[in-house]
2 protein chains.
Amino acid sequence: MIIDGVLKEGDPLPSVRNVAVEYRVNPLTVLKGYQQLVDEGLVESKRGLGMFINAGTRNLLLKGERQRFLGEEWPRIYETIQRLGLTPEELLDGAPRRAPTNSASSKTAKSNAPDSDSEKER
Amino acid sequence: MIIDGVLKEGDPLPSVRNVAVEYRVNPLTVLKGYQQLVDEGLVESKRGLGMFINAGTRNLLLKGERQRFLGEEWPRIYETIQRLGLTPEELLDGAPRRAPTNSASSKTAKSNAPDSDSEKER
DNA sequence: AGCACTGTTATACTTAACTATAACACTATA
DNA sequence: TATAGTGTTATAGTTAAGTATAACAGTGCT
């Protein structure tokens, strides 16, 4: 949600108890997850108020996740694709479409540019 | 290994105890995994002899894994790729190379066509 | 002051997966 | 027949993750 810009920096994360209810999960479990974000310095916890997304978090997440994905996940995925002999066509078929044919997709927009700063440094 | 043709149909799987030692894992754990293959009808167990790969197993595996991958894994992976804004170039960079430039790759061959029957039905 | 939200801590319990050990059952082969 | 390989079963222990309950601690608003 942070990467997608649904949650912006400075915003509070959905409360521990709310998430617990929504996903039918123990509040402790949610807390533990949130604490990891605190430990990574991505989020700040304010007792009585909520947990707030730090400035710069989106870019850190983006960079970190990109690195993790390309370094750890993708190699195995690529290997699997080869092993199964899957073609680009097959892969692009079963993929969720963003826009039908499109040329300039902007209509559900407005503040549809959750970039503010950076986006090109990596 | 079955899909890759390292193990051919009719061959025995590496013995439960051997695998357990090689991967530093409890024999029971290996057995349980092997039993799943038996339950799926891919492998036959012969007490005192070993567990043998049934005929047709490679194709069943190929079909099954293709379906599972395209139906369950790939959609999430594709979504992640979009979310992270990864480009085809970035993806193809971190990927293991099969052959340098190649045009017709056959040299480490001989019985390098573990196809026998089918390969095109899906 | 009281209430309704936040995060946090403590204690004990449940569960699934895996481990450790040992024995049993079967087959081929020297 | 002995031996060294196979798969299989039984029993008990370990571990990590999640659960259940309850209470504690802080903030803002009426």
Side-chain angles (χ1 to χ4, degrees), chain A residues 1-58 60-61 64-65 68-69 71-73 76-77 80, chain B residues 1-58 60-61 64-65 68-69 71-73 76-77 80:
Chain A
M1 292 170 76
I2 295 175
I3 289 182
D4 288 346
V6 175
L7 293 183
K8 326 220 169 192
E9 320 197 332
D11 286 355
L13 300 182
S15 92
V16 163
R17 286 182 180 80
N18 276 358
V19 175
V21 168
E22 179 167 2
Y23 291 91
R24 275 47 177 317
V25 134
N26 194 293
L28 248 177
T29 307
V30 179
L31 181 63
K32 283 178 188 167
Y34 277 14
Q35 291 286 15
Q36 293 184 14
L37 298 181
V38 175
D39 294 345
E40 295 175 43
L42 302 175
V43 150
E44 203 164 343
S45 169
K46 292 182 184 170
R47 184 179 265 211
L49 293 180
M51 313 210 34
F52 298 85
I53 303 171
N54 284 334
T57 281
R58 198 180 100 97
L60 281 175
L61 273 181
E65 289 301 294
R68 199 184 51 73
F69 183 83
E72 293 176 21
E73 294 195 47
R76 293 178 208 162
I77 294 168
T80 298
Chain B
M1 292 170 75
I2 295 174
I3 288 182
D4 289 345
V6 175
L7 292 182
K8 327 223 169 191
E9 319 196 333
D11 286 355
L13 300 182
S15 93
V16 163
R17 285 181 182 79
N18 277 357
V19 175
V21 168
E22 179 167 4
Y23 292 91
R24 279 35 183 320
V25 134
N26 195 293
L28 248 178
T29 306
V30 180
L31 180 63
K32 283 178 187 168
Y34 277 14
Q35 292 286 15
Q36 293 184 15
L37 298 180
V38 174
D39 294 344
E40 296 174 43
L42 302 175
V43 150
E44 202 163 345
S45 168
K46 291 181 183 169
R47 183 179 265 213
L49 292 180
M51 313 211 33
F52 298 85
I53 303 172
N54 284 334
T57 281
R58 197 180 100 96
L60 281 176
L61 272 182
E65 289 300 294
R68 199 184 52 71
F69 182 83
E72 293 176 21
E73 294 195 47
R76 292 177 209 165
I77 294 167
T80 297

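All values reported here derive from a predicted model rather than from experimental measurement.
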Self-check item: Non-hydrogen side-chain atoms of B:Y34 and B:S15 separated by less than 4.5 Å
Solution: no

Self-check item: A:R47 vs A:P27, nearer the 5' end of DNA chain D by closest nucleotide
Solution: A:P27

Quiz prompt | Residue whose closest nucleotide on DNA chain D lies nearer the 5' end, B:V16 versus A:G48 | solution = B:V16

Quiz prompt | Base of D:dG5 paired with side chain of B:R17 (donor-acceptor, under 3.5 Å) | solution = no

Value in whole Å for how far the [atom2] atom of [N] lies from [atom1] of [X]:
| X | N | atom1 | atom2 | answer |
| --- | --- | --- | --- | --- |
| B:K46 | D:dT6 | NZ | C1' | 13 Å |
| B:L49 | D:dG5 | CG | C1' | 10 Å |
| B:Q36 | D:dG7 | CD | P | 16 Å |
| A:R24 | D:dA20 | CZ | P | 11 Å |
| B:D39 | D:dG7 | CG | C1' | 14 Å |
| B:L31 | D:dT6 | CG | P | 13 Å |
| A:M51 | C:dT6 | CE | P | 13 Å |
| B:N26 | C:dA17 | CG | C1' | 11 Å |

Quiz item: Donor-acceptor pair, B:E9 side chain versus B:T57 backbone, under 3.5 Å?
Solution: yes

Quiz prompt | Check: B:N26 side chain, B:L28 main-chain N or O, donor-acceptor pair, under 3.5 Å | solution = yes

Quiz prompt | Per A:T29 side chain, nearest of listed nucleotides C:dT6, C:dT9, D:dT19 | solution = D:dT19

Exercise. Taking only the side-chain heavy atoms of A:S45 (C-beta and beyond), determine which of C:dT11, C:dG7, C:dT19 contains the nearest atom.
Key: C:dG7

Once rounded to the nearest 0.5 Å, what's the spacing between atom [atom1] of [X] and atom [atom2] of [Y]?
| X | Y | atom1 | atom2 | value |
| --- | --- | --- | --- | --- |
| B:I53 | B:L42 | CD1 | CG | 9.5 Å |
| B:I2 | B:D11 | CD1 | CG | 9.5 Å |
| A:Q35 | A:L37 | CD | CG | 9.5 Å |

Quiz item: So, for B:I3 and B:E65, which heavy atoms are closest and what is the spacing to 0.1 Å?
Solution: CD1-CG, 4.1 Å

Quiz item: Using a cut-off of 4.0 Å on non-hydrogen atoms, how would the nucleic acid contact of A:E44 be classed: base, sugar-phosphate, or nothing?
Solution: nothing

Quiz item: Quick one: is B:N18 getting a side-chain N or O under 4.0 Å of the D:dG5 phosphate, OP1 or OP2?
Solution: no

Exercise. For D:dG7, take OP1 and OP2 only and decide whether either is under 4.0 Å from a side-chain N or O of B:Q35.
Key: no

Quiz item: Angle, rounded to 10°, between the helical axes spanning five pairs at each terminus of the helix from C:dA1-D:dT30 to C:dA30-D:dT1?
Solution: 0°

